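The structure appears below as structure tokens.
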Amino acid sequence: MRFGGIQKTSTIDFPGVLSCVLFTRGCDLNCFYCHNRELIEGIGPEISEDEALSFLRRRQGLLDGVVVSGGEPTLQPDLSQFLNLCKGMGYKLKLDTNGQRPGLTEQLWQEELLNYIAVDVKAPEAEYAEICGVSGFEKTRETILALLKRGAHFEARTTLYPGLSIEELEELLSSFPVLPLWRMNYFKMPEQYCPTDEKRLKQPALTPVMLKEALPFLQRHQPNLAIEK
Ligand code: SF4
């Protein structure tokens, strides 16, 4: 496993579980609003698997869970073995994924290596490639349908990126069956970004007032929406 960062304690990343967050290096998407550009570009100090495991051993009994985030954790060839080691230490496990490897994500759930999964749904199908560099809508949809079929504990997450309209958001929500939870996060300007993206990063983004007004329409498609406070 290749890590690029550890957040030692979090009360918000794993619902109901006091956890740490391990950030893996590398990602196969390139979202224009990404806040982890140093991870996707592999810049900055690397944390070895041994260092991460030694940290987790020291925190046994103090933390209850581990969130494996990124970058994109499912790109790491030894993810399953690593989750097994964490599970052996008694930790509950959450995976944050961009949804591009449905088979692996389903398999990890089936093997009882995960307690919770967050799947990013980046944009409506027609916008996917423009927003994150890859036409990944179908893979994401496949991941979510597989998790639904398995009765997995999971949520979908969408960042309300600049330029996304209420109509496009409604279209996105309506293109999935009703999900157990779909979290909407407001856009925040990243510290690092590609200079060529500056113009679109500065486009208007949806605001809390706009979301509040549109909520009844949005909830017709997804009643279990959670909007960041
Ligand atoms: S999937 Fe996540 S880590 Fe990868 S580019 Fe998009 S926001 Fe960044």
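Atoms within each ligand, like the ligands themselves, are counted from 1 in listed order. Each residue takes its place number in the sequence, starting with 1. Small disclaimer: the values here were computed from a predicted structure and weren't measured.
In this view, Glu106 and Arg150 satisfy the salt bridge (charged side-chain N to carboxylate O under 4.0 Å, His left out) rule, not counting sequence neighbours. Ile227 pairs by the side chain to side chain contact (heavy atoms under 4.5 Å, CB included) definition with Met184, Tyr186, Leu211, Leu215, not counting sequence neighbours.
In this structure, Arg37 does not count as a contact residue of ligand 1, since none of its heavy atoms falls inside 4.0 Å of the ligand.
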With ring pair (Phe, Tyr, Trp, His ring centres under 6.0 Å) as the test, would you mind laying out the steps for Phe82 and Phe3 before giving the verdict?
-> CA-CA 12 Å; Phe82 181 76; Phe3 297 104; 5.3 Å; yes
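Using a 4.0 Å cut-off between charged side-chain N and carboxylate O, Glu111 and Lys87 make no salt bridge.
For atom 4 (Fe) of ligand 1, the tally of protein N/O/S atoms lying closer than 2.8 Å stands at 1.
Ring pair Tyr128/Phe137 is perpendicular by interplanar angle, where above 60° counts as perpendicular and below 30° as parallel.
Here the side chain of Ser174 pairs no donor or acceptor atom with the backbone of His221 at under 3.5 angstrom.
Remark: minimum distance from atom 2 (Fe) of ligand 1 to any protein heavy atom is reached at Lys122 NZ, 3.9 Å.
Among residue pairs with one or both ends in residues 20-31, those qualifying as side-chain hydrogen bond (donor to acceptor under 3.5 Å, both in side chains) are Arg25-Glu46, Asp28-Asn98, Asp28-Arg101, Asn30-Arg37; sequence neighbours excluded.
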